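For clarity, every value in this text was computed on a predicted model and none was experimentally measured.
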Amino acid sequence: MSGRFQDQVAIVTGAVGGIGSAIVEGFLAEGGRVGLIDFNAQGGQAYEKTLREHGHDAVFVPADVAHFDQCQAAYDRITSELGAATILVNNVGISPKTEGRALKVWEMPPGEWNNVVAVNLNSVFYMTHLATPHMVKQRQGRVINMSSVAGKAYCDIVAAHYAATKAGLIGLTRHWAAELGEFDVTVNGLAPGRISTPLLKSVPQEINDAVTRVTALRRLGTPEEVADACLFFASDQARFVTGQVLDVAGGWLMT
């Protein structure tokens, strides 16, 4: 097997299902070796088994990335089995709802706020902190952060914690791009819009229909379309692109 990522090692958080799985399979299809990190232990183990049965080099490690020690253990195991990683995709993200809706600021329990910040923002620092020393030493690396259009514009479908963390990722992307540029490490972000993932099955259809009506392309996106943009940023085709956050939203929330 050959491709853009032949013999390269990528680590993907939030790797089981939806956008994460599409990214994993995109790397594997182009010759990469992939470390998968996800909270879903049972699903991840089954997914790893399937990938390996198809001849792919994939290692799954269950971890709650809200905790640095679990990130460290996952990173150490993946790199010991697959080799040092030069690609990191910080894909993990949660957006809690209560009875199908996002809570307003006066309704939100502090514990929920703290959990979203820990998963969506802190984990990105943890994983990037762990992965970049090797990238800097080798003068080779790609970091891709999964933000959201909700980090750029008001979106009433999500709550403040999600919007704040995704906006925070945009700031981290730009800061780290400047910080790491002299070492030939690029840092870019993706801002997906409404993407057709299993998570949307729990959302009332009228909400997705309303989004579709105000999306320029008049449809929801697919995980594979987000993965395509991610693979571009991870590839040599994007070697002179850094500090950018690309909307993959079909024209939703352009203003």
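You'll find the side chain of His161 reaches within 4.5 Å of the side chain of Glu112, heavy atoms only. Looking at heavy atoms from C-beta onward, Pro62 lies out of side-chain contact with Phe39 at the 4.5 angstrom threshold. The closest side-chain heavy-atom distance from Phe240 to Thr186 is not below 4.5 Å. In this structure the side chain of His67 never reaches within 4.5 angstrom of the side chain of Val119, judged on heavy atoms. Using a 4.5 Å cut-off on side-chain heavy atoms (C-beta onward), Cys71 and Leu130 make contact. Counting only heavy atoms from C-beta outward, the side chains of Val143 and Phe233 never approach each other to under 4.5 Å. A heavy-atom distance below 4.5 Å is found between the side chains of Gln8 and Gln140. Within the 4.5 Å cutoff, side-chain heavy atoms of Phe5 are placed close to those of Leu231.
A salt bridge links Lys152 with Asp247: the closest approach of a Lys/Arg side-chain nitrogen to an acidic carboxylate oxygen falls below 4.0 angstrom. Salt bridge Arg101/Glu107: present, at least one basic N to carboxylate O contact under 4.0 Å. The pair Asp156-Lys104 does not meet the salt-bridge criterion, since no charged nitrogen lies less than 4.0 angstrom from a carboxylate oxygen.
A donor-acceptor contact closer than 3.5 angstrom is absent between the side chains of Thr13 and Asn90. Between the side chains of Arg4 and Gln237, at least one donor N or O lies within less than 3.5 Å of an accepting N or O. Neither side chain, Gln70 nor Tyr75, offers a donor N or O lying under 3.5 Å from an acceptor on the other.
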*Show the numbers, then the answer: is there a side chain to side chain contact (heavy atoms under 4.5 Å, CB included) between Glu48 and Leu36?*
CA-CA 8 Å; Glu48 177 194 53; Leu36 296 75; 5.9 Å; no
*Please walk me through it: do Cys155 and Leu253 pass side chain to side chain contact (heavy atoms under 4.5 Å, CB included)?*
CA-CA 8 Å; Cys155 175; Leu253 296 183; 4.1 Å; yes
*Run the side chain to side chain contact (heavy atoms under 4.5 Å, CB included) check on Met135 and Leu180 step by step: do they pass?*
CA-CA 9 Å; Met135 296 180 184; Leu180 295 164; over 6 Å; no
_Would Asp184 and Arg142 count as a salt bridge (Lys or Arg N to Asp or Glu O under 4.0 Å) here? Give the steps._
CA-CA 9 Å; Asp184 291 330; Arg142 302 281 188 267; over 6 Å; no
*Mind running side chain to side chain contact (heavy atoms under 4.5 Å, CB included) on Leu190 and Val226 for me, showing each step along the way?*
CA-CA 8 Å; Leu190 297 171; Val226 181; 4.1 Å; yes
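The hydrophobic clustering, which links ILVMFWY residues whose side-chain heavy atoms are closer than 4.5 Å, places Leu169 and Leu88 together. Each of Val158 and Val92 belongs to its own hydrophobic cluster when Ile, Leu, Val, Met, Phe, Trp and Tyr are linked at side-chain heavy-atom distances under 4.5 angstrom. The same ILVMFWY cluster, assembled from side-chain heavy atoms under 4.5 Å apart, contains both Phe125 and Ile11. Met146 is not connected to Ile94 by any chain of hydrophobic side-chain contacts under 4.5 Å among Ile, Leu, Val, Met, Phe, Trp and Tyr, and they are in different clusters. Ile207 and Trp252 fall within the same hydrophobic cluster, where Ile, Leu, Val, Met, Phe, Trp and Tyr residues are linked whenever their side-chain heavy atoms come under 4.5 Å apart, directly or through other members.
Residues Thr128 and Trp176 approach most closely at OG1-CZ3, 3.5 Å, considering heavy atoms. The two atoms that bring Gly193 and Val149 nearest to each other are CA-CG2, 3.8 Å, heavy atoms only. Here the closest non-hydrogen pair linking Ile170 and Ser147 is CG1-OG, 3.5 Å. In this structure, Ala234 and Ile87 approach most closely via the heavy-atom pair CB-CG2, 4.1 Å. When all heavy atoms of Ala63 and Ala74 are compared, the pair lying nearest together is CB-CB, 4.3 Å. Between Leu28 and Asp57 the shortest heavy-atom distance is CD2-O, 3.6 Å.
Note that CG of Asn91 is 7.5 Å distant from SG of Cys230, once rounded to the nearest 0.5 Å. Rounding to the nearest 0.5 Å gives a distance of 9.0 Å between NZ of Lys166 and CG of Asn145. Distance CZ/Arg52 to OH/Tyr47: 13.5 Å, rounded to 0.5 Å. Here the straight-line distance linking atom CD1 of Ile19 with atom CD of Glu224 works out to 10.0 Å at 0.5 Å rounding. The distance from atom CG of Asn208 to atom CG of Leu220, rounded to the nearest 0.5 Å, is 5.5 Å. Note that CD of Gln72 is 9.5 Å distant from CE of Met127, once rounded to the nearest 0.5 Å.
Of the possible donor and acceptor atoms, one in the side chain of Asp38 sits under 3.5 Å from a partner among the backbone N and O of Val16. Here the side chain of Thr173 pairs no donor or acceptor atom with the backbone of Gly243 at under 3.5 angstrom. Using a distance-only test at 3.5 Å, with no hydrogens or angles considered, a donor-acceptor pair links the side chain of Asn40 to the main chain of Gly43. For Lys97 (side chain) and Ser95 (main-chain N/O), a donor-acceptor pair under 3.5 Å exists by modelled atom type. For the pair Asn188 (side chain) and Val241 (backbone), a donor-acceptor distance under 3.5 Å is present. The backbone N or O of Phe232 sits less than 3.5 Å from a side-chain atom of Ser235, completing a donor-acceptor pair. Of the possible donor and acceptor atoms, one in the side chain of Glu225 sits under 3.5 Å from a partner among the backbone N and O of Thr222. Put simply, the side chain of Asn114 gets close to the backbone of Pro110: a donor and an acceptor are under 3.5 Å apart.
At most 12 non-hydrogen atoms from other residues, nucleotides or ligands lie less than 6.0 angstrom from CD of Gln42. For Arg139, the CZ atom counts as densely surrounded, since its 6.0 Å shell holds more than 12 non-hydrogen atoms of other residues, nucleotides or ligands. A 6.0 Å sphere centred on CZ of Arg77 holds more than 12 heavy atoms belonging to other residues, nucleotides or ligands.
Using cut-offs of 30° and 60° for the angle between ring planes, the Tyr126 and Phe68 rings count as perpendicular.
Of the listed residues (Val24, Val9, Leu82, Val89), just one forms a side-chain contact (heavy atoms from CB on, under 4.5 Å) with Val34, and that residue is Val24.
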